[in-house]
2 protein chains.
Amino acid sequence: MTEQRSRRKRRGAYHHGDLRRALLDEAVRTIRADGVEALTLRAVAARLGVSRTALYRHFADKRALLTAVATEGFRMLREQIVAAWTDGGGGRAGFRDMGRAYVAFAVANPAHYRVMFGGSVPEAGDPDLRREAAGAFQALVAALVAQQRDGLVRADDPTQLAHFVWAVVHGVAMLVIDGQLHDEVTATVAEHAVERIVTGIEARDVSSYPSISWPRATL
Amino acid sequence: MTEQRSRRKRRGAYHHGDLRRALLDEAVRTIRADGVEALTLRAVAARLGVSRTALYRHFADKRALLTAVATEGFRMLREQIVAAWTDGGGGRAGFRDMGRAYVAFAVANPAHYRVMFGGSVPEAGDPDLRREAAGAFQALVAALVAQQRDGLVRADDPTQLAHFVWAVVHGVAMLVIDGQLHDEVTATVAEHAVERIVTGIEARDVSSYPSISWPRATL
DNA sequence: ACCTGAACACCGTTCAAGT
DNA sequence: ACCTGAACACCGTTCAAGT
């Protein structure tokens, strides 16, 4: 621990810590602070006080490092939305908090969020990455299933519903961190989207809405 | 015209065409074929048969070129969704086509679409870029206003509604081109999203939905 | 499982001097 | 409004030889 804190090391010594972890953390830190385009392997190594070649003992190349950064991002995202759902006590209130937490994560870590979705990682097939991305998605599905059990969400295929909800929060998050939305309207749009999601997926008595053509019927 | 087609030029000759346009087109072509990360100014110049320094007569730097690429992308996107709306005869059917056209553009030009939103262009303040992005958004607003006039969409603030619709189609588009959605479910999710948008924004008699808390009331 | 040091090919960008 | 040609600083990556 103390060894990881001292960035400069005495000549001739080895790192001896968890270098993979240290490299990953430093990469995340750099990306968060200055964006992906500012990330250079040489600078990461220099800041950790290791040689430039040391990185290749843990990552095949720069893309592999970015894949790990993205994987880490999905893990953090899952933790935060699950915490929001739990702390919110589940149900409709917890689900709203979950949606807000998702957008909040993207807004708090725009550059990191971009690495997760921005295509800088064509290694979309990486098993670890796929597992973590699927894990975050499953947290959403689980919240929907729980609400279905309580009669709060219609009995549609939860995976289908989750895809829709994901698209909305992801779309809002991307537009916000892209600066496409003015600051004044950001919060309003996010709340609006959350409400549209809730009213769009909520359970209701179908028979009382005669004029609405349901998605199932039109597919 | 014919001169622009011959990529290789005789020694000592000038380009004498619309070099700016040629550089932009070649950049778009490269990005479409191989992605942004494969775009190098040297290769673009070489393929056009001009010197590497010629580019700097038209673009301040690489970022300026990418900004122009993004601007061009928004222009193309606007043209295609407006055409879909018009060809679809407006109304609810035209609006569905518009949504499909949006996602279709992203799917057909994933790398280009990413440049428009991927943050590779921190020049978000560029006036031309802002104007074209706003233009595409306005096409969406106009379609919503037209539907409101026909009583097809609720009388909420159209800009607000447009933000929501944009977030949904953008979210779906991003998830699809990111490979987060399996191919089999892509079309289904897109159609589901379009239907959710339509039913989520459609005009209906509020008095007959006593249990629904409307967004306005909760903001 | 790291280190040093050198090297390679490639990049964006600048400059000087032309036409 | 272009051209040539040289140069600079920086990059990811590899290799050889160590401990």
Side-chain angles (χ1 to χ4, degrees), chain A residues 3-27 30-31 34-70 115 119-123, chain B residues 1 3-4 6-27 30-31 34-70 115 119-123:
Chain A
E3 195 173 5
Q4 285 196 42
R5 281 183 190 262
S6 72
R7 297 210 179 161
R8 296 294 167 187
K9 309 185 62 273
R10 61 204 177 282
R11 276 203 165 280
Y14 282 5
H15 185 266
H16 278 326
D18 187 346
L19 182 57
R20 194 195 131 90
R21 186 74 235 173
L23 288 164
L24 184 52
D25 289 344
E26 184 61 38
T30 304
I31 288 168
D34 306 314
V36 217
E37 74 283 352
L39 180 75
T40 73
L41 303 187
R42 294 166 111 103
V44 167
R47 275 195 294 267
L48 290 176
V50 298
S51 73
R52 299 192 296 268
T53 58
L55 182 139
Y56 293 92
R57 291 286 129 193
H58 300 278
F59 299 99
D61 51 19
K62 188 176 186 178
R63 205 157 68 179
L65 175 62
L66 284 174
T67 302
V69 168
V115 174
S120 8
V121 183
E123 301 291 12
Chain B
M1 276 301 168
E3 196 174 3
Q4 286 197 42
S6 72
R7 297 207 178 165
R8 297 293 166 184
K9 307 187 62 273
R10 61 202 178 283
R11 277 207 162 277
Y14 282 4
H15 186 268
H16 279 325
D18 188 345
L19 183 56
R20 194 195 130 91
R21 185 73 235 174
L23 288 164
L24 184 51
D25 288 345
E26 185 59 38
T30 304
I31 288 169
D34 306 314
V36 218
E37 73 284 353
L39 180 75
T40 73
L41 302 188
R42 294 167 112 104
V44 167
R47 275 195 292 267
L48 289 176
V50 299
S51 73
R52 299 193 295 267
T53 58
L55 182 140
Y56 293 92
R57 289 288 128 191
H58 299 278
F59 300 99
D61 50 19
K62 188 175 185 178
R63 204 156 68 179
L65 175 61
L66 283 174
T67 301
V69 168
V115 173
S120 12
V121 184
E123 303 290 11

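Here is how names work: the chains are called A, B, and so on, in the same order as the sequence lines, proteins then strands, and each is numbered from 1. Basis for what follows: all heavy atoms, side chains included, without hydrogens, waters or symmetry-related copies. From a predicted model like this one, the values you see are computed outputs, not experimental measurements.
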A.B. asks: Determine which nucleotide pairs with C:dA9, using a 3.5 Å limit on both distances of a Watson-Crick or G-U wobble pair.
C.D. replies: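 The answer is none; no pair meets the criterion.
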A.B. asks: Checking B:Leu19 against B:Arg57 for the side-chain contact (heavy atoms from CB on, under 4.5 Å) test, could you report, in this order, the C-alpha distance in whole Å, the side-chain angles of both residues, the deciding distance, and whether it holds?
C.D. replies: CA-CA 9 Å; B:Leu19 183 56; B:Arg57 289 288 128 191; over 6 Å; no
A.B. asks: So, for A:Ala45 and A:Ser51, which heavy atoms are closest and what is the spacing to 0.1 Å?
C.D. replies: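 A:Ala45 and A:Ser51 have their closest heavy atoms at CB-O, 3.6 Å.
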A.B. asks: Between C:dT13 atom C1' and B:Phe59 atom CZ, what is the distance in whole Å?
C.D. replies: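 Interatomic distance, CZ of B:Phe59 to C1' of C:dT13: 16 Å.
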A.B. asks: From D:dC2, C:dC2, D:dC3, pick the nucleotide closest to the side chain of B:Ala54?
C.D. replies: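 So the side chain of B:Ala54 is nearest to D:dC3.
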A.B. asks: Regarding A:Leu65, tell me which of base, sugar-phosphate or nothing describes its non-hydrogen contacts under 4.0 Å with the strands shown.
C.D. replies: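 Answer is nothing: A:Leu65 stays at 4.0 Å or more from every strand.
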A.B. asks: Which heavy-atom pair separates B:Ala70 from B:Val115 by the least distance, and what is that distance?
C.D. replies: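 Minimum heavy-atom separation between B:Ala70 and B:Val115: CB-O, 4.0 Å.
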A.B. asks: Between A:Ser51 and B:Ala60, just flag the one whose closest nucleotide in DNA chain C comes earlier from the 5' side.
C.D. replies: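 Nearest nucleotide further toward 5': that of A:Ser51.
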A.B. asks: With a 3.5 Å limit on both atom pairs, tell me what D:dA16 is paired to, counting Watson-Crick and G-U wobble, or say none.
C.D. replies: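 Matched D:dA16 with C:dT4 under the 3.5 Å cut-off.
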A.B. asks: Whole angstrom is fine here: how far is it from CG in B:Asp61 over to P in C:dC15?
C.D. replies: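 Rounded to the whole Å, the gap is 14 Å.
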A.B. asks: With rounding to whole Å, what would you report as the distance between D:dA17 and C:dA1 at their P atoms?
C.D. replies: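 Straight-line distance between the two P atoms is 22 Å.
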A.B. asks: Of the nucleotides D:dC2, C:dG12, D:dG12, which one has an atom closest to the side chain of B:Arg57?
C.D. replies: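 That would be D:dC2.
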A.B. asks: Can you figure out which of C:dC2, D:dA6, D:dC2 approaches the side chain of B:Arg52 most closely?
C.D. replies: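 Closest nucleotide among those given: D:dA6.
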A.B. asks: With the side chain of B:Thr53 defined as its heavy atoms from C-beta on, choose the nearest nucleotide among D:dC11, C:dT4, C:dC15.
C.D. replies: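 Among the listed nucleotides, the one closest to the side chain of B:Thr53 is C:dC15.
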A.B. asks: Picking from D:dG12, C:dC3, C:dG12, which would you name as closest to the side chain of B:Arg42?
C.D. replies: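 Nearest to the side-chain atoms of B:Arg42, counting from C-beta on, is C:dG12.
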A.B. asks: Base, sugar-phosphate alone, or nothing: which one does A:Leu39 contact when heavy atoms must sit under 4.0 Å apart?
C.D. replies: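 Sugar-phosphate contact only - A:Leu39 comes under 4.0 Å of backbone atoms but never of a base.
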A.B. asks: Using a 4.5 Å cut-off on heavy atoms from C-beta on, say whether the side chain of B:Val69 contacts that of B:Val36.
C.D. replies: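 They are not in side-chain contact.
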A.B. asks: How close or far is atom P of C:dC11 from atom CD of A:Glu37, stated in whole angstroms?
C.D. replies: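 After rounding, the gap between these two atoms is 19 Å.
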A.B. asks: May I have the distance from B:Lys62 (atom NZ) to C:dC11 (atom P), rounded to whole angstrom?
C.D. replies: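 Value for this atom pair: 9 Å.
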A.B. asks: Grab the CG-P distance between A:Leu48 and C:dC2 for me, whole Å please.
C.D. replies: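 Those two atoms, CG and P, are 11 Å apart.
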A.B. asks: Is the shortest heavy-atom distance from the side chain of B:Tyr56 to the side chain of B:Leu41 under 4.5 Å?
C.D. replies: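 Result yes, sub-4.5 Å side-chain heavy-atom pair found.
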A.B. asks: From C-beta outward on B:Tyr56, which listed nucleotide comes closest to its side chain: C:dC2, C:dT14, C:dC3?
C.D. replies: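 Selected nucleotide (nearest to the side chain): C:dT14.
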